Amino acid sequence: MNGMDKDGMKKRIAVLASGRGSNFQAVIDAIRDGRVPAACVRLLTDNPQAYAIERARAAAIPVTIVDYAAFPSREAYERELLFAMQGCRADLFVLAGYMRIVGNEIVRAFSGRIINIHPALLPSFPGLHGQRQAFLHGVKISGCTVHFVDESLDGGPVIVQKCIPLLEGDDEETLAARILEQEHRCLPEAIRLFCEDRLVIEGRRVRIR
Ligand code: GAR
């Protein structure tokens, strides 16, 4: 329950991010402030221009760039990413704004050890632009979800969710901003629970013990 493995070491987490990296920053800050008992051992990115890389450098976190555009096929990219992930020796991989579908081979290699943050209340509005999908659909409540990654698209067992009501006068940007604020709380919370060995996957459910 104390976030340490049997050798008394902190859990090792690696983060995958494709862009701005504000969720990655929330994780860095939570670890630094002692709210998450983990060591962030690496940032992996598919995008050499990702601002997340600057955030990693500022926090002295090693970076591996697996540039999607440099590979002849998705399969070749995934093979290299799998190799890079294996090299992390991470207990947990955190998809924090990683904008690609994770291939089945990777999901199977790290079963129960990959989590993702999604900007909608899953199973509604999976895939890209969850905030936009919710706004255009006209729902009254949306939110964010942290879930385990399985072979489905954003369909794995849910760890944490937060609701955000849509307000009169909201547009896609104001809604996305309020969702993002909650994402920055949810993601560190889910990582903390994982690192404290408190998450038990029971079929579709995650029990928090
Ligand atoms: C976040 O809103 C995250 O939930 C979303 O991308 C944004 C990344 O922002 N992820 C997805 O849509 C994954 N399908 P960030 O780079 O500032 O963390």
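Note: hydrogens, waters and symmetry copies are ignored here, and every other heavy atom, side chains too, is used. Because the structure is a prediction, the values reported are computed rather than measured. For ligands, and for the atoms within them, numbers begin at 1 and follow the listed sequence. Heads up: numbering here begins at 1 and tracks the sequence.
A donor and an acceptor atom, one from each side chain of S152 and D150, are located under 3.5 Å apart. Judged purely by distance below 3.5 Å, without hydrogens or angles, the side chains of R100 and S18 never pair a donor atom with an acceptor atom.
Within the structure, every pair that satisfies the ring pair (Phe, Tyr, Trp, His ring centres under 6.0 Å) test and touches residues 23-69, not counting sequence neighbours, is listed here: Y68-Y77.
No salt bridge links D197 with R209; every basic N to acidic carboxylate O contact stays at or beyond 4.0 Å. Ionic pairing of R108 and E151 is present here: one or more N-O contacts between side-chain nitrogen and carboxylate oxygen are shorter than 4.0 angstrom. Between R192 and E196 there is a salt bridge, with a side-chain nitrogen of the basic residue lying less than 4.0 Å from a carboxylate oxygen of the acidic one.
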Please tabulate protein-ligand N/O pairs under 3.5 Å for ligand 1, atom names and distances to 0.1 Å.
| from | atom 1 | to | atom 2 | distance (Å) |
| --- | --- | --- | --- | --- |
| ligand 1 | 2 (O) | E183 | OE1 | 3.2 |
| ligand 1 | 2 (O) | E183 | OE2 | 2.9 |
| ligand 1 | 4 (O) | E183 | OE1 | 2.6 |
| ligand 1 | 4 (O) | E183 | OE2 | 3.4 |
| ligand 1 | 9 (O) | R20 | NH2 | 3.1 |
| ligand 1 | 16 (O) | G21 | N | 2.7 |
| ligand 1 | 17 (O) | R20 | NE | 2.5 |
| ligand 1 | 17 (O) | R20 | NH2 | 3.2 |
| ligand 1 | 17 (O) | S22 | N | 2.8 |
| ligand 1 | 17 (O) | S22 | OG | 2.6 |
| ligand 1 | 18 (O) | S22 | N | 3.4 |
| ligand 1 | 18 (O) | N23 | N | 2.9 |
| ligand 1 | 18 (O) | N23 | ND2 | 2.9 |

